[in-house]
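Quick notes on the structure that follows.
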Amino acid sequence: MAIKLDKVDVVVVGTGWAGGIPSAELAKKGYKVVALERGRDHDHSDFVGSKDELRYASRYEIMTDNSISTVTARGTLDEEAFPLRTQSENFEGNNVGGSSVHWSGVTQRGRKFDLQARSITIDKYGEDKIPADMNLQDMGITYEELEPYFDQFEKTAGTSGEDDPMGPPRSDSYPTGPMRPSYPVKLFKEAASKLGYHPIMIPSANLSERYENPDGETINACQYCSFCMMYGCDFGAKSDPVATVIRTAKKTGNYEIRTESYARRVIHKDGKASGVLYVDMRTGMEYEQPADVVVLAGYTISNTHLMLLSEIGKPYDPKTGEGVIGKNSAGLASPGGSATGFFEDKKFNLFMGSGSLGGTFSDLDSDNIDNSDLGFIGGGICEIRQRGSGPIGSNPVPQGTPRWGKEFKEKSLHYANRMLSVGFMSPSFGWKFNYMDLDPNYTDMFNDPLLRITHSVTEQDKKFSEYFSARAEEIMKEMGADIIEKGNPPQEWRHTQGYGETSGGVIMGDDPKTSAVNNYSQVWDMDNLFVIGASALPHKIPQQTGTLGALAYRAAEGIDKYLSDGSGLLVEKKSNAIKA
């Protein structure tokens, strides 16, 4: 029997950007907020000594513990799924701040197309452009409606960047200037410009200068130390929830984080959520935290898993196309497109860098590319990044080099600082056969069914990869590489998430028949339950964190409206707004 605790205004599952933003906004307004975090607490001082590649990048110190719960995976409906067992297969964060602590810091905004993919595709190319098996949907919100929240997130994070002439319109400039370009980035920008593109520095949460945000939180300037992606920042120079919104929430006195608290169910009755059932992993004791509003703000997988376990909403059925929970699982095998170049006469200081130090351009992204004669929908954002090459994880040699012996050693030393890569960050669309459900065979340590992921690579994915790998090859040739290796199209999903950012499962839209939440992240079937995060995206978008930050600020506004104005849906239902 679970121990029932005193009721609070809001209980939030998760402390990443998706959970930290509404927690701070609501705590500032005087609401009592409790956050449940399955990982441990820390501040940036805990990461002193974090410049340890073996500990963090090889042994995944701050990633999820698969011995508690994992996912199962399969490629088709006819296969039996098997559990992902190693941490290299799933990079979910397992700490206060969540995956937003070890993220790269790239802070691109979603484009108009990302929010209205179906409508824009039909307007430009006709409905026949959309494959019959693709679940292409709008999100029920426009870029113009979401733009103020993008601006709010960037000012909280202090995002460093420069205006993109090919990017979406902005109401204001970035709060801090762009990062300093390294030699490889300068080389990329020169080559891209010669080819007619419009390169800029990547919008970055690794700040170019010391910055105080509107809440009074200070973020330091990046030192380009390279221990960034996969690591927490020991200098407090990467905008993450620990440096910003969590600190703000704690100062109010209205916010409490309970760490090592594993959420198992949303408790509900008669269409209303009443709280969250969770386990204190230190003692094994089970608790019920009652609240007026429940917020699920975990990773895509966690949000979807909790919704299915809690039996909220209708599970998606790939055979009939009916149901919404688990629908449009995406991002697991983003097609992308890339080219790697090896240089004989140029040498780079690749040991330095940061997660989002790099150059980019939007000329071929989903708003700007012409898909008329292409066998795919959407486009990609080009990038070169200098993250910092670690001696364990980075050992580049050209294809055909023996994997051991004298030649391997010689080429390893020669090319250690002579290899660069250009790639395209791509969308990954929802398909009728790619989804998430509860596994019938495997359970977690609580004896609950694991989440099962079914994912197939499509012909569109392959065509996308071929096209953009060719564009990357052209850029690398212009950069002067002596050996160029073009990326190969993905043939199948290798049952690993890896660096991919997953999305879908509890998707946003304007029709409860085809979506789970409205554009305030409020569940259609349960108006005091809000589900925030990448689970809301009907398809995976390139570098989605900036969009999730904007959606979280809008959700926080909606929760405040709900609590202050009384119950009810914040957005009117529109029946049959989107064809299934």
How long is the span from the [atom1] atom in [X] to the [atom2] atom in [Y], to the nearest 0.5 Å?
X      : Y      : atom1 : atom2 : value
Lys327 : Ile507 : NZ    : CD1   : 4.5 Å
Ile532 : Asn303 : CD1   : CG    : 9.0 Å
Arg118 : Met134 : CZ    : CE    : 10.5 Å
Asn371 : Ile377 : CG    : CD1   : 7.5 Å
Tyr211 : Ile219 : OH    : CD1   : 7.0 Å
Lys477 : Leu195 : NZ    : CG    : 10.5 Å

Could you check whether any side-chain N or O of [X] sits under 3.5 Å from a backbone N or O of [Y], counting only pairs where one atom can act as donor and the other as acceptor?
X      : Y      : answer
Ser338 : Gly423 : no
Asp363 : His198 : yes
Asp367 : Pro168 : no
Asp482 : Glu344 : yes
Tyr224 : Ser182 : no
Thr159 : Ala205 : no
Glu53  : Gly393 : yes
Asp151 : Arg170 : no
Glu79  : Ala81  : no
Glu478 : Lys194 : no

### Query
With Asn349, which residues qualify under side chain to side chain donor-acceptor pair (under 3.5 Å), at least two apart?
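Residues passing side chain to side chain donor-acceptor pair (under 3.5 Å) with Asn349: none at all.
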#### Entry: Residues forming a side chain to side chain donor-acceptor pair (under 3.5 Å) with Arg471, sequence neighbours excluded
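Result, side chain to side chain donor-acceptor pair (under 3.5 Å) vs Arg471: Glu474.
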Do the non-hydrogen side-chain atoms of [X] and [Y] ever get within less than 4.5 Å of each other?
X      : Y      : answer
Glu209 : Ser160 : no
Thr401 : Ser412 : no
Arg452 : Tyr435 : yes
Asn66  : Thr64  : yes
Leu551 : Met508 : yes
Ile62  : Tyr56  : yes
His539 : Asn328 : no
Met230 : Tyr60  : yes

Return the minimal non-hydrogen interatomic distance between [X] and [Y], and the atom names on each side.
X      : Y      : value
Ala157 : Leu207 : O-CD2, 3.6 Å
Pro542 : Met425 : CG-O, 3.4 Å
Gly355 : Cys228 : N-SG, 3.2 Å
Lys129 : Leu374 : NZ-O, 2.6 Å
Ser208 : Gly177 : OG-O, 2.5 Å
Glu466 : Pro489 : CG-CG, 3.3 Å

### Parallel, tilted or perpendicular: rings of Phe227 and Tyr231 (30°, 60°)
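Because their plane-to-plane angle is over 60°, the rings of Tyr231 and Phe227 count as perpendicular.
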### Query
What class does the angle between the rings of Phe361 and Phe188 fall in, given that below 30° is parallel, 30 to 60° is tilted and above 60° is perpendicular?
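Because their plane-to-plane angle is under 30°, the rings of Phe361 and Phe188 count as parallel.
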### Query
What residue pairs, at least two apart or across chains, pass ring-ring contact (aromatic ring centres under 6.0 Å, His included) with a residue in residues 381-426?
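For residues 381-426, and leaving out neighbouring residues, the ring-ring contact (aromatic ring centres under 6.0 Å, His included) pairs sorted by first residue read Phe342-Tyr415, Phe424-Phe468.
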#### Entry: Residue pairs passing the ring-ring contact (aromatic ring centres under 6.0 Å, His included) test where at least one lies in residues 158-186, sequence neighbours excluded
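Listed once each, the pairs are Tyr183-Phe348.
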### Query
Arg59 and Leu54: side-chain contact (heavy atoms from CB on, under 4.5 Å), yes or no, with the steps?
CA-CA 6 Å; Arg59 294 179 175 167; Leu54 183 64; 3.6 Å; yes
### Query
Is it the case that more than 12 heavy atoms not belonging to Lys124 sit under 6.0 Å from its NZ atom?
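Count over threshold, so yes.
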### Query
Counting only heavy atoms not in Lys463, do more than 12 sit closer than 6.0 Å to its NZ atom?
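Count not over threshold, so no.
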### Task
Consider only side-chain N and O atoms of Tyr553 and Thr156, and report whether a donor and an acceptor are under 3.5 Å apart.
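There is such a pair between these side chains.
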### Message
Just by distance, no angles: are the side chains of Ser100 and Asp240 close enough, under 3.5 Å, to form a donor-acceptor pair?
### Response
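Short answer, no.
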#### Entry: Evaluation steps, side-chain contact (heavy atoms from CB on, under 4.5 Å), between Met166 and Tyr197
CA-CA 9 Å; Met166 303 300 293; Tyr197 302 124; over 6 Å; no
Under 3.5 Å donor-acceptor pairs involving side-chain atoms of residues 104-112, not counting sequence neighbours:
unit_1: Ser104; atom_1: OG; unit_2: Val106; atom_2: N; d: 3.3
unit_1: Ser104; atom_1: OG; unit_2: Arg385; atom_2: NH1; d: 3.2
unit_1: Thr107; atom_1: OG1; unit_2: Gly105; atom_2: O; d: 2.9
unit_1: Gln108; atom_1: OE1; unit_2: Arg111; atom_2: NH1; d: 3.3
unit_1: Arg109; atom_1: NE; unit_2: Glu154; atom_2: OE2; d: 2.8
unit_1: Arg109; atom_1: NH1; unit_2: Tyr143; atom_2: OH; d: 2.8
unit_1: Arg109; atom_1: NH1; unit_2: Glu147; atom_2: OE2; d: 3.0
unit_1: Arg109; atom_1: NH2; unit_2: Glu147; atom_2: OE2; d: 3.4
unit_1: Arg109; atom_1: NH2; unit_2: Glu154; atom_2: OE1; d: 3.0
unit_1: Arg111; atom_1: NE; unit_2: Asp365; atom_2: OD2; d: 2.8
unit_1: Arg111; atom_1: NH1; unit_2: Arg109; atom_2: O; d: 2.7
unit_1: Arg111; atom_1: NH2; unit_2: Ser362; atom_2: OG; d: 2.8
unit_1: Lys112; atom_1: NZ; unit_2: Glu144; atom_2: OE2; d: 3.3

### Query
Partners of His305 by ring-ring contact (aromatic ring centres under 6.0 Å, His included), sequence neighbours excluded?
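Residues passing ring-ring contact (aromatic ring centres under 6.0 Å, His included) with His305: none at all.
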### Asp65 with Arg38: basic N within carboxylate O range, under 4.0 Å
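So Asp65 does not pair with Arg38 through a salt bridge.
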### Query
Which one of Val245, Ile246, Asp41, Val242 satisfies the side-chain contact (heavy atoms from CB on, under 4.5 Å) criterion with Thr15?
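Going through Val245, Ile246, Asp41, Val242 one by one, the side-chain contact (heavy atoms from CB on, under 4.5 Å) with Thr15 is satisfied by Ile246 alone.
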### Message
If you apply the rule side-chain contact (heavy atoms from CB on, under 4.5 Å), what do you find for Asn213 with Lys155, and how did you get there?
### Response
CA-CA 6 Å; Asn213 76 10; Lys155 286 174 178 171; over 6 Å; no
### Message
Met479 vs Ile384, test: side-chain contact (heavy atoms from CB on, under 4.5 Å). Steps then yes/no.
### Response
CA-CA 12 Å; Met479 291 172 67; Ile384 186 172; 3.9 Å; yes
